[in-house]
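Structure record follows, encoded as structure tokens.
Remember, predicted model here, so these are calculated numbers, not experimental data.
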Amino acid sequence: MVDGSKVLSSPINPLAGFQPLNDADWPTDVMRLRDGFAGQLNVYRVMAHNPALLAAWETLRNHVVRENALPLDRLELVILRAGYRANAEYEWAHHVVRGRAAGLSDERIRAAAQPRLADDLSGDQLMLRAVDELVDEGMLSPAAIAALMAEFGQRGVLDLIATVGMYKTLAFILLSFATPIDDDIGEALAHRPL
């Protein structure tokens, strides 16, 4: 008879079930996504453990990444700040590389990782402070909304909020399952560190 009060002698690794899926284990019902955005990144290979979630994620991801009302350099700053605030090394590394491709200088990228920001609601500081407000307060202040509206309109304000929410969710996945940085990103940063 098994004694249920005894602890198992060999620990179970809960992360083992959430490693990035390889091509051979990819779910057939989201096979079309494997050859697109989802097959390219470890975070989506982890998400593929739940094919329905990955399929639903596609629409939001496409909007945030491809149809965002924010200019690409500002969008990358928002994502970098969200990754920094979440301590998500994976997000940070990926968006250092993507930020550079979007035209961000290393100085602008480093500014996204400053622990304290200026009380300025213009330029890059507006984007970084907006992320901090969402992370710290769960909402944008009226002053931030007014400044964002003046620069990006209603769509830009809503896209910024959705972007922070999406990347916060990705950070939850990345951190919970210790998702490894993709090899090409690691190589790019080894070749050209920040």
(Q) Measuring only between side-chain heavy atoms, which start at C-beta, is V43 closer than 4.5 Å to V46? (A) no

Q) Would L174 and E89 satisfy side chain to side chain contact (heavy atoms under 4.5 Å, CB included), going step by step from the backbone distance to the final call? A) CA-CA 9 Å; L174 295 165; E89 184 181 349; over 6 Å; no

Q | Any donor-acceptor pair under 3.5 Å from R81 side chain to V131 backbone | A | no

Q: Check A93 against L189 and note the closest heavy-atom contact, atom names and distance.
A: CB-CD1, 3.5 Å

(Q) How close do A144 and L121 get, counting heavy atoms only, and between which atoms? (A) N-CD1, 4.1 Å

(Q) Looking at E151 and R74, is there a salt bridge between them, counting it only when a charged N and a carboxylate O are closer than 4.0 Å? (A) yes

Q) Is there a chain of hydrophobic side chains (I, L, V, M, F, W, Y, each step under 4.5 Å between heavy atoms) that links L175 to L80? A) no

Q. Do the side chains of W57 and L170 get nearer than 4.5 Å, heavy atoms only?
A. yes

Q) Pairs in or reaching into residues 128-171: which pass ring pair (Phe, Tyr, Trp, His ring centres under 6.0 Å), with residues at least two apart or in two chains? A) H95-Y167

Q) Hey, what do you get for CD1 (I109) to CZ (R98), rounding to the nearest 0.5 Å? A) 13.0 Å

Q. Is the F177 ring parallel, tilted or perpendicular to the F18 ring (thresholds 30°, 60°)?
A. parallel

(Q) For a 4.5 angstrom cut-off between non-hydrogen side-chain atoms, does W26 reach P51? (A) no

Q: Determine, using the 4.5 Å side-chain heavy-atom cutoff (strictly less than), whether M166 and F172 are members of one ILVMFWY cluster.
A: no

Q: Look at the side chain of H94 and the backbone N and O of L41, then say whether any donor-acceptor pair between them is shorter than 3.5 Å.
A: no

Q. Between D159 and A69, which heavy-atom pair has the shortest distance, and what is it?
A. OD2-N, 2.7 Å

(Q) My understanding is that only one of N22, D23, D182 makes a side-chain hydrogen bond (donor to acceptor under 3.5 Å, both in side chains) with R45; could you say which? (A) D23

Q. Would you call M127 and L70 a side-chain contact if the rule is heavy atoms closer than 4.5 Å?
A. yes

Q | Flag side-chain contact, heavy atom, 4.5 Å: I79 against W92 | A | no

Q: Answer yes or no: is there a side-chain heavy-atom contact under 4.5 Å between E133 and M139?
A: no

(Q) Between D120 and R129 (salt bridge meaning N to carboxylate O under 4.0 Å), is one present in this structure? (A) no

Q: For D73 and A102, indicate whether the former's side chain and the latter's backbone hold a donor-acceptor pair under 3.5 Å.
A: no

Q | Working for side chain to side chain contact (heavy atoms under 4.5 Å, CB included), residues L54 and H49 | A | CA-CA 8 Å; L54 181 61; H49 285 283; over 6 Å; no

Q: Assess whether atom CD of E107 is packed by more than 12 heavy atoms of other residues, nucleotides or ligands within 6.0 Å.
A: no

Q: Taking the side chain as every heavy atom from C-beta outward, state whether Q40 and D184 have any pair of such atoms under 4.5 Å apart.
A: no

Q) Can you find a heavy atom in the side chain of L75 that is under 4.5 Å from one in the side chain of L72? A) yes

Q | Atom of A171, atom of A86 and distance for their closest heavy-atom approach | A | CB-CB, 3.6 Å

Q. How far does CG of L140 sit from CD1 of I145, to the nearest 0.5 angstrom?
A. 5.0 Å

Q: Flag yes if L158 and L126 sit in one hydrophobic cluster, no otherwise; membership is Ile, Leu, Val, Met, Phe, Trp, Tyr, and two members link when side-chain heavy atoms are under 4.5 Å apart.
A: no

(Q) Strictly distance-based, threshold 3.5 Å: is any side-chain N or O of D25 a donor or acceptor partner for the main-chain N or O of L21? (A) no

Q. About how many Å separate CE of M149 and CZ of R155, when rounded to the nearest 0.5 Å?
A. 13.0 Å

Q: Evaluate the side chain to side chain contact (heavy atoms under 4.5 Å, CB included) criterion for residues V30 and L33: first the C-alpha distance (whole Å), next the side-chain angles of each, then the deciding distance (0.1 Å), finally the verdict.
A: CA-CA 6 Å; V30 287; L33 299 178; 4.1 Å; yes

Q) Donor-acceptor pair, Q114 side chain versus R110 backbone, under 3.5 Å? A) yes

Q. Can E76 and R108 be said to form a side chain to side chain contact (heavy atoms under 4.5 Å, CB included), step by step?
A. CA-CA 10 Å; E76 286 299 326; R108 288 177 78 193; over 6 Å; no

Q: Locate the shortest heavy-atom distance separating L148 from L160; write the atom from each residue and the value.
A: CD2-CD1, 4.0 Å

Q) Does Y90 reach the main-chain N or O of N42 with its side chain, forming a donor-acceptor pair under 3.5 Å? A) yes

**Q.** Test log, rule salt bridge (Lys or Arg N to Asp or Glu O under 4.0 Å), inputs E58 and R32
**A.** CA-CA 11 Å; E58 179 186 24; R32 69 180 178 77; 2.8 Å; yes

Q | Check ion pair K168-E91 (N to O, under 4.0 angstrom) | A | no

